[in-house]
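Following: one structure in structure tokens, then a few remarks.
All of these numbers come straight from a predicted model, not from anything done at the bench. In what follows, chains carry the letters A, B, and so on, assigned in the order in which the sequence lines appear, proteins first and then strands, with residues in each chain numbered from 1.
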There are 2 protein chains.
Amino acid sequence: MKPTIHHVAERAQVSKATVSRVLNRNPQVKDEIRERVLRVIEELGYHPSAIARNLATNKTNMIGLILPDITNPYFPVLARGIEDAAHRLGYALFISNTDNDPKLEREYIHKMVEQQVGGIVLISSTLDEQTVQDLASLRTPIVLCDRLIANTPFDAVLIDDYKAAYEAVSFLIGKGHKQVAHLAGPKNIQSAENRKLGYLHAMRDANLEPFVSVGSFTYESGVHQMGSVLEEYKPTALFASNDLLALGAIHEINLRGLRVPEDVAVIGCDDIPFSKMSRPLLSTISIPVYQIGVTAVQLLDDQMKGVRSGTKNMILEHKLIHRESCGGVENK
Amino acid sequence: MKPTIHHVAERAQVSKATVSRVLNRNPQVKDEIRERVLRVIEELGYHPSAIARNLATNKTNMIGLILPDITNPYFPVLARGIEDAAHRLGYALFISNTDNDPKLEREYIHKMVEQQVGGIVLISSTLDEQTVQDLASLRTPIVLCDRLIANTPFDAVLIDDYKAAYEAVSFLIGKGHKQVAHLAGPKNIQSAENRKLGYLHAMRDANLEPFVSVGSFTYESGVHQMGSVLEEYKPTALFASNDLLALGAIHEINLRGLRVPEDVAVIGCDDIPFSKMSRPLLSTISIPVYQIGVTAVQLLDDQMKGVRSGTKNMILEHKLIHRESCGGVENK
DNA sequence: CTGAAAGCGCTAACAC
DNA sequence: GTGTTAGCGCTTTCAG
């Protein structure tokens, strides 16, 4: 049996209250007694039960992270930012993968609420109206990442996907490209849609004919989509909605005997770690993922502490990273 | 205020005990009453408090995962295996990154124990004698991944790193290579050491002169180490202790105007997702990471349920994956 | 089939 | 300074 505060109290010949005081660093305990208690705690290998404490204080030191898939290279850095910030603020972190399955999302959210988490960082693309209602009635603070839902009490932290895409495409156009294709992400993912819009508008503003191929946010999808793009459009440049797609596209381009960037310039989005390891090095839009995670937890913490009222949305800055895959850079 | 079982009971005009019964699907509740209670639960948006329940039953449905760094591409799949298995068994999962810092490891372990987790999956390379003692006295089930500690009560699940390395190197030697270098991982990581041993023995058994360069398990380290290996040893083949190292090495090899696999054949270890996206595709030792995670949780569950006594070590099967980077495979 | 009451390990007034 | 007491929200005998 694990020792409880009771055992410690008994053995140290003091009351549970006193043990509780030394546990909580209450200064008004005589040094002698404090030391005695501390010694007993050591001897017994006693660890206070956080759940009992939580129950008594009616507040917990746990928060939850719900994301699509930690296996997708975009997320580990985000998760790390969240985790680091959480621990810095004294929270333990629950984690759950949903694969973007709305049913699982709801299930995990409810599970976390039952665990009495103080708040949840939610990364989801598939929130339907009903789930949103559901969440809003939960009385549990929620912060969204990479996703904005208007008219809800949820804070959000994201980048300006539209602008990022517009800039990337304008950059390509500025280099003289007229045939710029776009590999888009799933329609139900807000950032994918916004990136597509940014692409479309940049093309329109330059009086160029757009060409969009829609797929999923995976390497395989990039390989696959690029095949038809190459056949139907003869692009000299490509803006992919994320790096995985870009990487897959490059693979397919090479397979067809074309070179990147000489024949087709490629630029992705996200700046996942692999982008710095691929050949050619991938040009991309760098997203401050780690910082997004940290910020999300800070917002959550504010909400939990009731520091703030009203919704808050944070737009973080992205950055165009010019590496090898879009040319004009000496092979270092 | 969040509704409690008390509110539900009151509103449904039954006792807390009855509400508890319907919560726990106790069949001996009259249908009529059950429905009434269920309806009230719905109306109130009531969610039972897991921590209160845990306190009452003295068992929890939480387990913890402590790993070095989710940002290292080896870990997400492992984490996913653990998470999936955990949820399947009804556990919520805590997660913490330690960066292999022994102090953080201890801190997080203790934090999780205080959270009353039922067990911990621990991925660590830096366990010193003292920490091991400490853990053993915790009365909390622990399962180790990728690491074995003899004479402890800890279960472990891993692969046979020695054998994996021996096979990889023998494979290279079998292809006629006589100058096979090794990029080793950190000395304090057990699997790195075992892989090095496997390499050494394979070379010795073939009467070949070994050449080892020790670094860390990173891409940058691969780039850096490969520089000197190329200058000092003129290898025709390379066995890298993990894929990141291999990928970095390939980068450096190419930078020096040499080709993979024509000039230097390369084989890595781990089979991280990026190995299937790199150019050339990386030959490697595939480790059943996902399965390691699943197995770890199963062992943990067994321990927690007291199903088993005594320590159990599981060695899972690795597999040599023959892709482009070691030659002899048509470029598909 | 349902209710009353005790208790899980801790904190937080309130006394002394 | 330290002890007493009453809960926190739930489960679990034990009655009825």
Does any pair with a residue in residues 44-53 of chain B pass salt bridge (Lys or Arg N to Asp or Glu O under 4.0 Å), and if so which ones, sequence neighbours excluded?
-> none

Treat primed atoms plus P, OP1 and OP2 as sugar-phosphate and everything else as base, then score nucleotides 6-16 of chain D 5' to 3': B for base contact with protein heavy atoms under 4.0 Å, S for sugar-phosphate contact only, - for none.
-> -BBBBBB----

Scan for side-chain hydrogen bond (donor to acceptor under 3.5 Å, both in side chains) pairs involving residues 80-95 of chain B, sequence neighbours excluded, and state none if there are none.
-> A:Asp69-B:Arg80, A:Ser96-B:His87, A:Asp99-B:Arg80, B:Arg80-B:Asp84, B:Glu83-B:His87, B:Asp84-B:Tyr290, B:Tyr91-B:Asp301

Overall bend of the helix from C:dC1-D:dG16 to C:dC16-D:dG1 (five pairs an end, 10° steps) is 40°

Note: B:Pro288 and B:Ile159 closest approach over all heavy atoms is CD-CG2, 3.9 Å

Residue-phosphate contact under 4.0 Å: A:Thr18 side-chain N/O, D:dG3 OP1/OP2 | yes

Donor on one side chain, acceptor on other, A:Asp155 and A:Gln303, under 3.5 Å | yes

Taking C-beta and beyond as the side chain, do A:Leu148 and A:Asn313 meet within less than 4.5 Å on heavy atoms?
-> yes

Of all nucleotides in DNA chain C with an atom under 4.0 Å from a non-hydrogen atom of chain A, which is the first and which the last going 5' to 3'?
-> C:dG9 to C:dA13

Nearest 0.5 Å, what's the CG-CD1 distance between B:Leu78 and A:Ile70?
-> 12.0 Å

Mark yes or no for whether A:Asn26, through its side chain, and A:Val22, through its backbone, hold a donor-acceptor pair below 3.5 Å.
-> no

If we ignore angles and hydrogens, is there a donor and acceptor under 3.5 Å between the side chains of A:Asp101 and A:Thr98?
-> no

Quiz: residues 38-46 of chain A side-chain donor-acceptor pairs under 3.5 angstrom, not counting sequence neighbours:
residue : atom : partner : partner atom : Å
A:Glu43 : OE1  : A:Arg11 : NH2          : 2.9

Are side-chain N/O atoms of A:Ser125 and A:Gln190 paired as donor and acceptor at under 3.5 Å?
-> no

